[in-house]
Colleague: 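Next up is a structure, given as structure tokens.
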Amino acid sequence: MLHDCRSCSPRNLARIFPGGFMAGSTIPVVTRFAPSPTGFLHIGGARTALFNWLYSRSNGGQMLLRIEDTDRERSTQEAVDAILDGLKWLGLDWDGEPVSQFARADRHREVVEALLASGNAYRCYATQEELVAMREKAMAEGRPPRYDGSWRDRDAADAPAGVAPAIRFRAPQEGETVVDDQVQGRVVIPNKDLDDLIILRSDGNPTYNLSVVVDDHDMGVTHIVRGVDHLTNAARQSQIYLALGWDVPVMAHIPLIHGPDGAKLSKRHGALGVEAYRAMGYLPEAMRNYLARLGWSHGDDEIFSTEQMIEWFALDGIGKSAARFDFAKLENLNGHYMRATDDDALTEALLGALPYLPAGPEFAARLDDGRRAALRQAMPGLKDRAKTLVELLDGAQFLVAKRPLSPDEKAAQLLDNHGLETLSGARAALSACSQWATEDLESAIRAFAEEAGLKLGKVAQPLRAALTGRTTSPGIFDVLVVLGREESLARLDDALARM
RNA sequence: GCGCCCUUCGUCUAUCGGUUAGGACGCCAGAUUUUCAAUCUGGAAAGACGGGUUCGACUCCCGUAGGGCGCGCCA
């Protein structure tokens, strides 16, 4: 099933089998991710990339990257950068250099010439107006809107002078085309519903369906994993492979991802670029886990490492129905990953994400070595209370707050006369502490509370309000320790000064 | 309109003819408690509908309904 030209260079073999050709290893798998650079890397594309990546990695193969930039009108360098950046953020690496499809146009034209020569393609002089009329007529007659084949067998002498023709593929009109899909199963499409598609535009530029076939073949792609929206293309491409005498790669058309409301993804809901997820404070490992679980399953497993993902991934674990994107579940997963990340690493992750988080740059501007250390020290108490890096950052705001703090509304309510009275006593108890350590502070406050006949919560809340300006925070003794004696007492004094 | 595909708790899913239909998120209740979380325990919650096939269907077949995708000189 492998074509001779793929993966056979010593370099490729070395890449696939770094340790030499292993006993028991079989087919060198080559997958590819082939986005068109007309926008950011959206969530569906990200999952397609993930599946391709997982499949290649789990089979000791490689994943290539091809930028389908043949639409010169809509392709942009910004989009290419955004896609590459998105993949890198997600931790999905590719083998070799990204291939520009447009750069291979000469090769595509060469194949078109061959198709022309073998009679598998022909010149079509139909005008835009005629094509529109054809579609409308077909629709009106209850037929699929397609090209009517009027130039299919027409004499070359009929060609209008001075008109550049488009080249069409001469598709079979009888019978049916079968796509033997790893996910969709055996899909049979009547050939009468597939028309003669244009493979070379009248301006001499190749079109998608032709380019894809040529590139996948030339690049030695063995497995094509992409969205089901390409299923009909798969049939057309199969016909081209056959006409060229090439082997058809294994195909797997994965279901689409829908928005939370079940509707198609649009800019309004869900169709965000992966950079938006980064800005929302999600961890790449959580994204990978969530995306993998969306449409693919391995029994009842929900949380698994990337290594496990690679080990377990298989095409037969992919379902056929579309899935809705569920932010609540993503958040939960992300929270799990944050809690599971050790404090040093999570601190680094937060620091590294600051440029992308909404309040990140201001926070970064207020950091110094001392506060960085405080952030790290507060991390255990912070991470249990956050599901995203955005929430983590929010929880850490008190560390860099400027004095005097401006408490939020609820915190201000805690600092009423009663609260301040309690605070005053607590301040005295704290300042009397010889050691500014958790145990000492806790026993001092507990003793004070008992003395004053108050429950601990009654003391902790005003303290929290004065110390953090919020009603929620990590454990109050941790807050005191992280802030330090001087800063803590100063913040308490700021609050008391308002009496 | 034509073609192809899909349909299990609200959501993501397990099941690959025989299960009290399982798990996860979310939700509800309880425990814990220094706020909020985290954590633990318990609970409610599903096979779209109608026909077949079979000793037996969520599982296989047909139909209906609903949904998705495709039908460009876009990719």
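Letters go in sequence order (proteins before strands), and every chain restarts at 1. A quick note: this is a predicted structure, and the numbers were derived from the prediction, not measured.
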Colleague: Taking the C1' atom of each, how far is B:rU35 from B:rU15, in whole Å?
Modeller: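 Comparing C1' positions in B:rU35 and B:rU15 gives a spacing of 44 Å.
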Colleague: If I take atom CD in residue A:Q101 and atom P in nucleotide B:rA75, what distance separates them, rounded to the nearest angstrom?
Modeller: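 Nearest whole value for this atom pair: 8 Å.
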Colleague: On a whole-Å scale, what distance lies between the P atoms belonging to B:rU59 and B:rC69?
Modeller: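 To the nearest whole Å, 26 Å.
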Colleague: When rounded to the nearest Å, what value does the distance between C1' atoms of B:rC62 and B:rU54 take?
Modeller: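 Approximately 16 Å lies between the C1' atom of B:rC62 and that of B:rU54.
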Colleague: Measure from the side chain of A:R135, starting at C-beta and using heavy atoms only, and say which of B:rC73, B:rA75, B:rU34 lies closest.
Modeller: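 The closest nucleotide is B:rC73.
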Colleague: Would you kindly compare A:A126 and A:I189 by the position of their nearest RNA chain B nucleotide and give the one closer to the 5′ end?
Modeller: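 Comparing both residues, the 5'-ward one is A:I189.
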Colleague: Taking only side-chain nitrogens and oxygens of A:K320, does any of them come within less than 4.0 Å of OP1 or OP2 of B:rC6?
Modeller: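 A:K320 to B:rC6 OP1/OP2: side-chain N or O found under 4.0 Å.
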Colleague: Between B:rA75, B:rC25, B:rC12, which nucleotide gets closest to the side-chain atoms of A:A323?
Modeller: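 Of all the options, the side chain of A:A323 is nearest to B:rC12.
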Colleague: Under a 3.5 Å cut-off for both contacts, is B:rA29 paired Watson-Crick or G-U wobble with anything, and if yes, with which nucleotide?
Modeller: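 Matched B:rA29 with B:rU41 under the 3.5 Å cut-off.
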Colleague: Could you check how far CZ of A:R293 sits from P of B:rU13, rounded to whole Å?
Modeller: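 Rounded to whole Å, this separation is 7 Å.
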Colleague: Choosing from B:rA24, B:rA75, B:rA14, which nucleotide comes nearest the side chain of A:D300?
Modeller: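 Given the options B:rA24, B:rA75, B:rA14, the side chain of A:D300 is closest to B:rA14.
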Colleague: When you get a sec, tell me which of B:rC25, B:rC5, B:rC71 is the closest nucleotide to the side chain of A:R146?
Modeller: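 Side chain of A:R146 sits closest to B:rC71.
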Colleague: Taking the P atom in each of B:rC55 and B:rG26, what is the distance between them to the nearest angstrom?
Modeller: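 Per the computed distance, 46 Å lies between those P atoms.
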Colleague: Kindly compute the distance separating CG (A:L392) from NZ (A:K387), expressed to the nearest 0.5 Å.
Modeller: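 Separation between the atoms: 13.0 Å.
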Colleague: From the set B:rU34, B:rC36, B:rA75, return the single nucleotide nearest to any side-chain atom of A:F477.
Modeller: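 The answer is B:rU34, which lies nearest to the side chain.
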Colleague: Counting distance alone, no hydrogens or angles: does the base of B:rA75 have a donor or acceptor under 3.5 Å from a partner atom on the side chain of A:N233?
Modeller: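 Side chain to base: pair present.
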Colleague: State whether A:T207 places a side-chain N or O below 4.0 Å from either non-bridging phosphate oxygen (OP1 or OP2) of B:rC73.
Modeller: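 No, outside the criterion.
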Colleague: Measuring only between side-chain heavy atoms, which start at C-beta, is A:Y122 closer than 4.5 Å to A:N120?
Modeller: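 Heavy-atom side-chain distance check fails, nothing below 4.5 Å.
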Colleague: With no angle test and no hydrogens, is the base of B:rU34 tied to the side chain of A:R464 by a donor-acceptor pair under 3.5 Å?
Modeller: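 Indeed there is one.
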Colleague: Figure out the CG/P separation between A:N191 and B:rC71, and round it to whole Å.
Modeller: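 Answer to the nearest Å: 17 Å.
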Colleague: Think A:N209 has a side-chain N or O under 4.0 angstrom from the OP1 or OP2 of B:rA75?
Modeller: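 Answer no for this pair, as no side-chain N or O of A:N209 is under 4.0 Å from OP1 or OP2.
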Colleague: Under a 3.5 Å limit for both distances, which nucleotide forms a Watson-Crick or G-U wobble pair with B:rC58, could you say?
Modeller: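 Checking every strand shown, B:rC58 finds no partner, since no pair has both distances under 3.5 Å.
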Colleague: Any idea which heavy atoms bring A:L330 and A:A286 closest together, and the distance?
Modeller: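 Closest heavy-atom pair between A:L330 and A:A286: CD2-O, 4.4 Å.
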Colleague: Distance check, C1' atoms only: B:rC49 and B:rA65, in whole angstrom units.
Modeller: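 Here B:rC49 and B:rA65 have their C1' atoms 7 Å from each other.
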Colleague: Determine, for A:E450 against A:R446, whether the closest basic-nitrogen to carboxylate-oxygen distance falls under 4.0 angstrom.
Modeller: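 So A:E450 does not pair with A:R446 through a salt bridge.
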Colleague: Of all the nucleotides listed (B:rU34, B:rG26, B:rU35), which has the minimum atom distance to the side chain of A:A328?
Modeller: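 Nearest listed nucleotide: B:rG26.
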Colleague: Are OP1 or OP2 of B:rU39 and a side-chain N or O of A:R339 less than 4.0 angstrom apart?
Modeller: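 For B:rU39, OP1/OP2 do have a side-chain N/O of A:R339 under 4.0 Å.
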Colleague: Return the minimal non-hydrogen interatomic distance between A:L467 and A:L405, and the atom names on each side.
Modeller: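 The answer is O-CD2, 3.3 Å.
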Colleague: Identify, between A:S321 and A:W296, the residue whose nearest nucleotide on RNA chain B lies closer to the 5' end.
Modeller: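 The 5'-side residue here is A:S321.
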Colleague: Report the distance from atom NE2 of A:H298 to atom P of B:rC16, rounded to the nearest whole Å.
Modeller: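 Atom NE2 in A:H298 sits about 15 Å away from atom P in B:rC16.
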Colleague: Specify whether A:F313 and A:W296 have parallel, tilted or perpendicular ring planes, treating 30° as the upper limit for parallel and 60° as the lower limit for perpendicular.
Modeller: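 A:F313 vs A:W296 ring planes: tilted.
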Colleague: Counting side-chain heavy atoms from C-beta on, which of B:rU35, B:rC71, B:rC4 comes nearest to A:P145?
Modeller: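 Minimum distance to the A:P145 side chain belongs to B:rC71.
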Colleague: Starting the side chain at C-beta, find the nucleotide from B:rC2, B:rA14, B:rA37 nearest to A:S297.
Modeller: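 Among the listed nucleotides, the one closest to the side chain of A:S297 is B:rA14.
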Colleague: Rounded off to whole Å, could you give me the OH-to-C1' distance for the A:Y208 and B:rG70 pair?
Modeller: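 Between C1' of B:rG70 and OH of A:Y208: 12 Å.
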Colleague: Determine whether a donor-acceptor pair (one donor, one acceptor, N or O, separation below 3.5 Å) exists between the side chain of A:R385 and the base of B:rU35.
Modeller: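 Pair found.
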Colleague: Could you check how far CG of A:L294 sits from C1' of B:rC25, rounded to whole Å?
Modeller: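 The distance from CG of A:L294 to C1' of B:rC25 comes to 12 Å, rounded to the nearest Å.
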Colleague: Please report the distance separating the P of B:rA37 from the corresponding atom of B:rU19, rounded so that it comes out in whole Å.
Modeller: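 The same atom, P, in both gives a distance of 42 Å.
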Colleague: Which of the following nucleotides, B:rG26, B:rC73, B:rC2, is nearest to the side chain of A:D193?
Modeller: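 My answer, after comparing the listed nucleotides, is B:rC2.
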Colleague: Whole Å only: how far is the CZ atom of A:R324 from the P atom of B:rA24?
Modeller: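 One finds 22 Å between P of B:rA24 and CZ of A:R324, rounded.
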Colleague: I'd like to know if A:S202 reaches the base of B:rC73 with its side chain such that a donor and an acceptor end up less than 3.5 angstrom apart.
Modeller: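 Indeed there is one.
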Colleague: Any cation-pi pair here, A:R72 with A:F102, using under 6.0 Å and within 45°?
Modeller: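 Yes - A:R72 lies over the ring of A:F102, closer than 6.0 Å to its centre and within 45° of its axis.
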Colleague: If you look at every strand shown and take non-hydrogen atoms under 4.0 Å, does A:H230 touch a base, only sugar-phosphate, or nothing?
Modeller: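 The residue A:H230 makes base contact.
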Colleague: How long is the line joining CE of A:M251 and P of B:rC69, in whole Å?
Modeller: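 To the nearest whole Å, that distance equals 21 Å.
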Colleague: Expressed in whole Å, how much space separates the P atoms belonging to B:rC73 and B:rG50?
Modeller: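 The same atom, P, in both gives a distance of 46 Å.
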Colleague: Distance to the ring centre below 6.0 angstrom and angle to the axis at most 45 degrees; does that hold for A:R168 and A:Y147?
Modeller: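 Judged by the rule, A:R168 and A:Y147 form a cation-pi pair.
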Colleague: Look at the side chain of A:D326 and decide which nucleotide, out of B:rC73, B:rC36, B:rC25, has an atom nearest to it.
Modeller: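 So the side chain of A:D326 is nearest to B:rC25.
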